[in-house]
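The chains referred to below are lettered A, B, ... by the order of the sequence lines, with proteins before strands, and numbering in each begins at 1.
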2 protein chains.
Amino acid sequence: MTEPCLIELDPSVPNAGGTLTDRLFDALQRAIVEGEMPQGSKISEPELARRYGVSRGSLREAIARLEACKLVERKPNLGARVVELSAEQLIEIFQLREALEGMAARLAATAMTEAEIDALGALLAQHGQQIEQEQGQAYFQKQGDLDFHFRIVQGSKNRQLIALLCEDLYHLLRMYRVQFGMRSKRCRQAFEEHQYLLNALRSRDPEMAELVMRQHVRSSRRNLEQALR
Amino acid sequence: MTEPCLIELDPSVPNAGGTLTDRLFDALQRAIVEGEMPQGSKISEPELARRYGVSRGSLREAIARLEACKLVERKPNLGARVVELSAEQLIEIFQLREALEGMAARLAATAMTEAEIDALGALLAQHGQQIEQEQGQAYFQKQGDLDFHFRIVQGSKNRQLIALLCEDLYHLLRMYRVQFGMRSKRCRQAFEEHQYLLNALRSRDPEMAELVMRQHVRSSRRNLEQALR
DNA sequence: GACGACTAAATTGTCGACACACCAAGGGTC
DNA sequence: GACCCTTGGTGTGTCGACAATTTAGTCGTC
């Protein structure tokens, strides 16, 4: 396991960005998502505490938060391990997304402001350009798609939905993208589906928005299921 | 605030049911849900630690878990407070439920075993009897409905869905039921809708199961929205 | 009388140390 | 030779104490 280095933890200004536990949580989350701490690897509290130069108490609180995000699994008296990603779990997550983002799209169709919809349109236009030029595909794969979905969830204005998707599931999903190297060839089709969705939002049609979003997520899932064999 | 007493924390057998933090979490969760700790009230770490006879470290870990369940809100250097329930948040939660339990019903239609469906039928028959005799209404209101939904979620066999609904949202929802005294007169109608759902499951019809469940949750929500004015 | 700065008390954040539980290696018995 | 018990070591669970930050109260000044 490559050293998740402790530099980010004691920058010149102490306590930059909240409490120590917060920064630890961010650092560990990044390390896990990026794969610096391999799946299923044991998390030794004394070792990590030494490595990051913090006490075990703060570290344990950070680990507790990671557990809430489903990024680590902890068993009493046995310690914590980084989660093991599996095809089954990924499918389950996409089923969740289909339900949640479908509802998000439905709500966004009436809750988004005109300005937000326009901004979404601008983002999509940008994506279109990048795809046209066959460049920036990497960006679209890695960030663009997530950005688009992110904004729709925000647009639902439902705080429960936002917290769930953008704070918990988001990172787990990102972990799959990074470690499974999920770069489907659906990029063009996904772009088209995004445009259909934008149209539904522009027409303020909740029913249609949910339908399109669910179909979109379901297509991604089917594509995945096929790629996983 | 009535004293959440520390008796449950040191029963004859030490460590009955996991780690100290686990038991603390359970006790606090119960105290919050039941309303022993009022909404919005500040959670003083030294005071609670003294009251329960535990160290602040263990207490803080328990509070961190409560935060993950959305039962308390914590701000850096300011401490934690019990969440404030609001009509808006309740509506948002029901929108979540509509999406999630709808998906759960869809999956359950193909994933539940015949035995599980039969057991669900037995449970429903029992509910029917209780309603017929005009007795046990309190039970149906408080537990029966939740039990029914609980089993369907379990029946989906989707672990993400199960964890989300049965471990996180469940308690928050129970808090609303207890503290808002939510006992709608929809009891008979809800029972009928439960039966429609059972039929859909028996026919192994995912589409219909999701439709009925969503309609069911949506009706509850509309009923609530009306009652809240 | 009201506003602002300073002081003191209380609370949160962080740490190091002790107690107990789990795990692996070694020795004894059948 | 295989199995069980013992025993040492590592790691987690829990605790009490120190440091930093917020808050409340007080005093002084305008």
Side-chain angles (χ1 to χ4, degrees), chain A residues 1 4 6-29 37-38 40-68 71-83, chain B residues 1 4 6-29 37-38 40-68 71-83:
Chain A
M1 164 173 16
L6 66 172
I7 295 180
E8 319 152 90
L9 277 183
D10 51 358
S12 47
V13 46
N15 245 11
T19 163
L20 175 58
T21 300
D22 290 332
R23 283 173 289 150
L24 255 179
F25 172 71
D26 288 341
L28 290 177
Q29 179 174 255
M37 305 175 82
S41 67
K42 178 140 181 23
I43 295 180
S44 164
E45 293 181 4
E47 182 192 333
L48 265 193
R50 221 176 32 247
R51 186 180 302 178
Y52 282 100
V54 300
S55 94
R56 273 185 54 225
S58 310
L59 180 65
R60 281 173 64 85
E61 286 200 33
I63 293 179
R65 282 200 224 172
L66 291 173
E67 191 185 10
L71 288 177
V72 309
E73 282 172 355
R74 190 144 67 156
K75 289 179 182 171
N77 292 319
L78 290 183
R81 313 188 80 92
V82 178
V83 286
Chain B
M1 164 176 10
L6 66 172
I7 295 180
E8 320 152 88
L9 276 184
D10 51 358
S12 47
V13 46
N15 244 12
T19 161
L20 175 58
T21 300
D22 289 333
R23 284 174 288 150
L24 256 179
F25 172 70
D26 288 341
L28 289 176
Q29 180 175 254
M37 305 175 83
S41 67
K42 180 148 179 22
I43 295 181
S44 165
E45 294 181 3
E47 182 193 332
L48 265 192
R50 222 177 29 249
R51 186 180 302 178
Y52 283 100
V54 300
S55 99
R56 275 185 53 226
S58 309
L59 180 65
R60 281 172 64 86
E61 286 201 34
I63 293 179
R65 283 201 224 171
L66 290 172
E67 191 185 10
L71 288 177
V72 309
E73 282 172 356
R74 190 144 66 156
K75 289 178 182 172
N77 293 318
L78 291 183
R81 311 189 82 92
V82 178
V83 287

A.B. asks: Expressed in angstrom and rounded to an integer, what is the separation of A/Ile43 atom CD1 from D/dT12 atom C1'?
C.D. replies: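 Roughly 13 Å, once rounded to whole Å.
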A.B. asks: Quick check for you: among C/dG13, D/dT14, D/dT12, whose closest atom lies nearest to any side-chain atom of A/Lys42?
C.D. replies: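 Taking heavy atoms from C-beta onward, the closest nucleotide is D/dT12.
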A.B. asks: How many angstroms lie between OG1 in A/Thr21 and CD1 in A/Ile63, if you round to the nearest 0.5 Å?
C.D. replies: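 Here the interatomic distance stands at 11.0 Å.
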A.B. asks: Using side chain to side chain contact (heavy atoms under 4.5 Å, CB included) as the criterion, list what pairs up with B/Arg81, not counting sequence neighbours.
C.D. replies: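 B/Arg81 satisfies side chain to side chain contact (heavy atoms under 4.5 Å, CB included) with B/Lys42 once adjacent residues are dropped.
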A.B. asks: Considering every strand and a 4.0 Å limit on heavy-atom distances, what is the contact class for A/Leu59: base, sugar-phosphate, or nothing?
C.D. replies: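 Contact class for A/Leu59: none.
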A.B. asks: What is the distance from atom CG of A/Leu59 to atom CZ of A/Arg51, rounded to the nearest 0.5 Å?
C.D. replies: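 Reported to 0.5 Å precision, the distance equals 11.0 Å.
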A.B. asks: Could you pick out which residue, B/Gly79 or A/Pro76, lies toward the 5' side of DNA chain C when each is mapped onto its nearest nucleotide?
C.D. replies: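 Checking each residue's closest nucleotide, the 5'-ward one belongs to B/Gly79.
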A.B. asks: Starting at atom CD of B/Glu67, determine the distance to atom P of C/dG13, rounded to an integer number of angstrom.
C.D. replies: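 These atoms are roughly 10 Å apart.
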A.B. asks: Suppose we screen for side chain to side chain contact (heavy atoms under 4.5 Å, CB included). Which residues come up paired with B/Arg56, at least two apart in sequence or across chains?
C.D. replies: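 B/Arg56 satisfies side chain to side chain contact (heavy atoms under 4.5 Å, CB included) with B/Glu45, B/Ala49, B/Arg60 once adjacent residues are dropped.
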A.B. asks: Can you tell me how far P of D/dG11 sits from CZ of A/Arg51, to the nearest Å?
C.D. replies: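 Whole-Å distance recorded here is 13 Å.
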A.B. asks: Listed by chain and number, what are the side chain to side chain contact (heavy atoms under 4.5 Å, CB included) partners of B/Val82, not counting sequence neighbours?
C.D. replies: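 With neighbours one apart ignored, the set is B/Ile32, B/Met37, B/Ser41, B/Ile43, B/Met175.
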A.B. asks: Please give, in whole Å, the distance from C/dG13 P to B/Glu61 CD?
C.D. replies: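 Answer to the nearest Å: 14 Å.
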A.B. asks: Give a yes/no on whether any side-chain N or O of A/Thr21 is located under 4.0 angstrom from OP1 or OP2 of C/dT14.
C.D. replies: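 Checking C/dT14 against A/Thr21, a side-chain N or O does come within under 4.0 Å of OP1 or OP2.
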A.B. asks: Of the options C/dC23, D/dG11, D/dT22, whose atoms approach the side-chain atoms of A/Leu78 most closely?
C.D. replies: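 The closest nucleotide is C/dC23.
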A.B. asks: If I take atom CZ in residue A/Arg50 and atom P in nucleotide D/dT10, what distance separates them, rounded to the nearest angstrom?
C.D. replies: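 Spelled out: CZ on A/Arg50 to P on D/dT10 is 12 Å.
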A.B. asks: Please state how far atom CZ in A/Arg60 lies from atom C1' in D/dT14, giving the value in whole angstrom units.
C.D. replies: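 Atom CZ in A/Arg60 sits about 8 Å away from atom C1' in D/dT14.
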A.B. asks: Please report, rounded to the nearest Å, how far the P atom of C/dA10 is from the CG atom of B/Asn77.
C.D. replies: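 Rounded to whole Å, this separation is 19 Å.
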A.B. asks: Where do N or O atoms of nucleotides 15-19 of chain C meet protein N or O atoms at under 3.5 Å, pair by pair?
C.D. replies:
unit_1: C/dC15; atom_1: OP2; unit_2: A/Ser55; atom_2: N; d: 3.0
unit_1: C/dC15; atom_1: OP2; unit_2: A/Ser58; atom_2: OG; d: 3.2

A.B. asks: Residues two or more places apart in sequence or in another chain: which of them pass side chain to side chain contact (heavy atoms under 4.5 Å, CB included) with B/Ser55?
C.D. replies: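 Side chain to side chain contact (heavy atoms under 4.5 Å, CB included) check on B/Ser55 returns B/Ser58.
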A.B. asks: Nearest whole angstrom, please: distance from the P of D/dT14 to the OH of B/Tyr52.
C.D. replies: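 Rounded to the whole Å, the gap is 16 Å.
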A.B. asks: Does A/Arg23 come within less than 4.0 Å of A/Glu61, counting only side-chain N to carboxylate O?
C.D. replies: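 A/Glu61 and A/Arg23: not salt-bridged.
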